[in-house]
Protein chains: 2
Amino acid sequence: MGESVRERLSASLTTASKADRVLANFMLSELSSLPFETAASLASKVNVSEPTVGRFCRTVGYKSFKDLKDHLKQDIGQKPWLVSDRLHDLRDRAKAGEDQLAAGLELEISALVAIYELARSEEWARVVRRLATTQRVYAAGFQTERGMAQILVNQLQYLRDGVQMLDLAGGNFAELLASDPKQSCLVIFEARRYSRLSFELTKTAKAAGIPVTLVTDPFCDWGRDLVDEMFVVPTEFNQFWESTAQMASLANLLVNGVFLELGPKVEARMESVTQLYSQFTGYVGKPVNRTS
Amino acid sequence: MGESVRERLSASLTTASKADRVLANFMLSELSSLPFETAASLASKVNVSEPTVGRFCRTVGYKSFKDLKDHLKQDIGQKPWLVSDRLHDLRDRAKAGEDQLAAGLELEISALVAIYELARSEEWARVVRRLATTQRVYAAGFQTERGMAQILVNQLQYLRDGVQMLDLAGGNFAELLASDPKQSCLVIFEARRYSRLSFELTKTAKAAGIPVTLVTDPFCDWGRDLVDEMFVVPTEFNQFWESTAQMASLANLLVNGVFLELGPKVEARMESVTQLYSQFTGYVGKPVNRTS
DNA sequence: CAATATTTGTAAGTTTTCTTACAAATAGTC
DNA sequence: GACTATTTGTAAGAAAACTTACAAATATTG
């Protein structure tokens with residue numbers, strides 16, 4: 001046997017048992033962080049028992065998980081694999097002008113940093129509390145930001161009732177605008193070129209007394225004095241146009257905040273949403289659950 | 001203390017005793033193979049005793065050699081994207097365990113690095129080419145990943161014709177599955193718990209000869225041997241559940257790739273899409289454009 | 001060059017990681 | 001649908017990795 005760890009893992013995929021396949025797949029996906037894992041840590045991540053990890057390594061031809069790691073050392077060779085080295089590598093390429101894209105990486109990283117700073121602000125806490133407690137939560141996004149609203153909504157729905165996307169499908173925004181302003185709030189994702197809808201929606205919602213949170217790019221000049229909170233997410237990463245990608249990260253952090261705010265009581269709901277999905281659609285590996 | 005492993009080791013060089021200096025030097029020069037070492041193996045390599053290794057790690061501020069290795073894992077080294085010292089603050093809090101979140105920042109950063117590396121791969125180029133040239137491009141995502149598909153679709157639509165979301169609204173996926181496989185391709189976003197739909201859709205699409213690209217988390221064990229390309233995006237950022245946020249970044253990079261592939265001819269289309277939006281919806285600052 | 005302080009190693013613990021034995025669960029077969 | 005074979009988990013034991021206590025060696029200081 002002279003193949004590399006990667007090759008052996010791949011080869012095992014065809015023959016291996018269920019647990020082994022899960023392991024092999026995970027290892028392949030996370031090859032570069034394997035050296036930091038231990039049989040036990042791996043086991044808990046993929047939900048198998050510790051001995052299964054050891055046994056699997058033996059079936060693919062190593063003495064133990066430790067032994068597998070030692071071989072990994074060989075075939076990682078000298079390409080950079082520590083995050084810091086990889087980052088350096090990308091940065092060097094960017095400097096050398098070899099890699100247009102890589103130049104954007106650092107910008108994207110600083111956008112992330114900015115978001116994590118936002119998440120520590122007073123305003124953030126306020127929004128999170130509102131998203132956790134207001135009876136009806138609406139999110140909107142137009143053009144390319146529609147997906148961001150979708151992400152927020154889909155996730156929040158796992159945690160609580162009364163969350164929905166707002167769009168112009170019905171021709172107006174009556175769902176929100178003709179509702180009790182005390183029991184509603186709105187989150188809008190927006191970026192250049194700013195849709196007239198965001199603006200009109202915000203104005204009308206504010207006039208009705210509905211709290212509005214705006215997540216937008218650094219160029220937005222219409223929102224600041226109109227909305228309750230404005231979270232500015234950097235969007236220029238050397239790409240051909242603005243990338244609002246990091247807004248997804250912001251949305252996830254918001255959801256995480258709401259989770260922490262709501263506490264253990266969300267578990268019941270998450271459980272039941274999962275069970276409903278299982279019933280109507282089903283998950284991989286399990287048959288559709290017919291609420292037996 | 002908020003410095004990286006490398007920084008701490010370097011700093012120790014000036015003050016440390018003879019054995020410690022030897023250790024620090026060795027570690028610095030072999031930083032990337034440290035995770036494979038153990039206190040004992042290191043000790044014998046530099047001819048000191050095992051406890052000396054442990055003690056040294058403690059003098060530079062780690063609990064043990066193991067602890068030092070663990071920090072190496074997340075260590076991203078120099079941070080040129082830091083415009084202020086505010087991140088230090090974040091990091092310190094993370095170290096002190098006050099701020100669960102801040103620890104997630106570094107994980108999220110390394111996910112980004114991973115994505116930018118993906119964007120350099122053979123497979124990536126292949127997918128970009130396909131997304132640029134195939135007549136009909138479909139994207140799907142279920143549960144919380146629906147928004148990711150949405151993001152990809154909404155952006156691609158600015159660049160080219162024939163791009164659409166795929167969902168179960170019609171009860172089947174006939175749009176794609178009953179179409180000419182030579183002229184279609186599919187991108188699926190997926191993460192735990194894996195929807196049965198992704199799996200079935202992939203299987204059927206493959207059987208029909210339609211190329212499938214899967215963007216998923218490291219735990220996915222059903223796709224690897226089924227799809228044409230599998231992009232694995234790290235998703236564990238210390239949040240209460242997996243965050244697929246960085247998939248948005250991947251989607252944006254894909255779109256950017258397609259833009260570069262298509263070249264200047266996209267401008268006309270972008271212009272006309274913008275103009276259509278202006279006509280039917282309008283932008284902030286300008287009245288609805290009535291195709292005067 | 002004592003006398004003291006610091007550094008380092010040895011040997012015996014402690015904890016962590018991995019393995020083995022066996023039983024329970026799951027999948028395959030007639 | 002019982003029977004067998006395979007896979008997987010539990011619990012206890014072996015091995016490895018790391019720590020502590022203390023003594024020996026090496027610096028440092030007056």
Side-chain angles (χ1 to χ4, degrees), chain A residues 5 8-9 11-27 30 33-73 278 282-289 292, chain B residues 5 8-9 11-27 30-31 33-73 199 219 221-222 225:
Chain A
V5 175
R8 289 199 199 180
L9 289 175
S12 79
L13 285 173
T14 52
T15 55
S17 69
K18 200 171 64 190
D20 284 1
R21 209 168 37 246
V22 174
L23 270 169
N25 262 302
F26 184 81
M27 289 189 184
E30 301 273 87
S33 60
L34 278 194
F36 297 101
E37 303 284 353
T38 143
S41 70
L42 243 179
S44 84
K45 283 192 181 172
V46 302
N47 266 307
V48 296
S49 70
E50 214 178 320
T52 300
V53 175
R55 274 187 297 241
F56 170 67
C57 293
R58 244 156 281 139
T59 66
V60 293
Y62 300 99
K63 254 184 39 236
S64 63
F65 178 58
K66 203 170 193 10
D67 188 40
L68 184 150
K69 285 194 284 186
D70 288 345
H71 282 82
L72 201 60
K73 181 184 178 183
S278 181
Y283 293 108
V284 172
K286 303 205 194 290
V288 175
N289 184 336
S292 49
Chain B
V5 175
R8 290 201 198 179
L9 289 175
S12 78
L13 285 174
T14 54
T15 55
S17 68
K18 202 171 61 187
D20 283 1
R21 213 166 35 244
V22 175
L23 267 171
N25 266 308
F26 183 84
M27 288 190 183
E30 299 281 302
L31 212 54
S33 59
L34 280 193
F36 299 100
E37 304 283 355
T38 142
S41 71
L42 244 178
S44 85
K45 281 191 182 174
V46 301
N47 268 308
V48 295
S49 71
E50 212 179 323
T52 300
V53 175
R55 273 186 298 241
F56 170 66
C57 294
R58 243 157 283 138
T59 64
V60 294
Y62 300 100
K63 256 187 35 237
S64 62
F65 179 57
K66 204 176 193 14
D67 187 42
L68 184 150
K69 284 192 286 184
D70 287 347
H71 280 82
L72 202 56
K73 176 182 181 184
F199 181 56
F219 302 97
D221 64 326
W222 61 264
D225 44 354

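Proteins come first, then strands; the chains are lettered A, B, ... in the order of their sequence lines, and each starts at number 1. This one's a predicted model, so the numbers in the text were calculated from it and none came from an experiment.
Within the model, atoms CG of B/Leu9 and CZ of B/Phe26 stand 12.0 Å from one another, a figure rounded to the nearest 0.5 Å.
Between B/Arg55 and C/dG9, a side-chain N or O to OP1/OP2 separation shorter than 4.0 Å is absent. Contact annotation: B/Lys18 side-chain N/O to D/dA27 OP1/OP2 distance is under 4.0 Å. Between A/Ser17 and C/dA27, a side-chain N or O to OP1/OP2 separation shorter than 4.0 Å is absent. Taking only side-chain nitrogens and oxygens, A/Ser64 never comes nearer than 4.0 Å to OP1 or OP2 of C/dT17.
When rounded to the nearest whole Å, the span between CG of B/Leu68 and P of D/dC18 equals 11 Å. In this structure, the CZ atom of A/Arg58 is 11 Å from the P atom of C/dA21, given to the nearest Å. When the C1' atom of C/dG9 is taken as reference, atom CG of B/Leu23 falls 14 Å away, rounded to whole Å. When rounded to the nearest whole Å, the span between NZ of B/Lys66 and C1' of C/dC18 equals 12 Å. Atom-to-atom, CG of A/Asn47 to P of D/dT10 comes out at 11 Å; the value is rounded to the nearest Å. Put simply, CG on A/Asp20 is 10 Å from P on D/dG9, counting in whole angstrom units. Look at NZ on B/Lys63: it is 11 Å from P on D/dT20, rounded to the nearest Å. Nucleotide C/dA12 holds its C1' atom 13 Å from the CD atom of B/Glu50, rounded to whole Å.
No engagement by B/Asp67 is indicated, since no non-hydrogen atom pair under 4.0 Å with the nucleic acid exists. Within 4.0 Å of B/Arg21, counting heavy atoms only, lies no atom of the nucleic acid at all. Counting non-hydrogen atoms under 4.0 angstrom, B/Val48 reaches the backbone sugars and phosphates but no base.
For B/Pro51, the side-chain atoms get nearest to D/dT20 when compared with the rest of D/dT20, C/dC18, D/dC18. Comparing D/dC18, C/dA11, C/dC18 by their closest approach to the side chain of A/Lys69 singles out C/dC18.
Applying side-chain contact (heavy atoms from CB on, under 4.5 Å) to B/Phe65 and the options B/Arg55, B/Arg58, B/Met27 leaves one that passes, B/Met27.
Side-chain atoms of B/Thr38 and B/Ser41 include no donor-acceptor pair closer than 3.5 Å.
Between A/Leu68 and A/Leu34 the shortest side-chain heavy-atom distance falls below 4.5 Å.
With B/Asp20 contributing its side chain and B/Ala16 its backbone, the two residues share no donor-acceptor pair below 3.5 Å.
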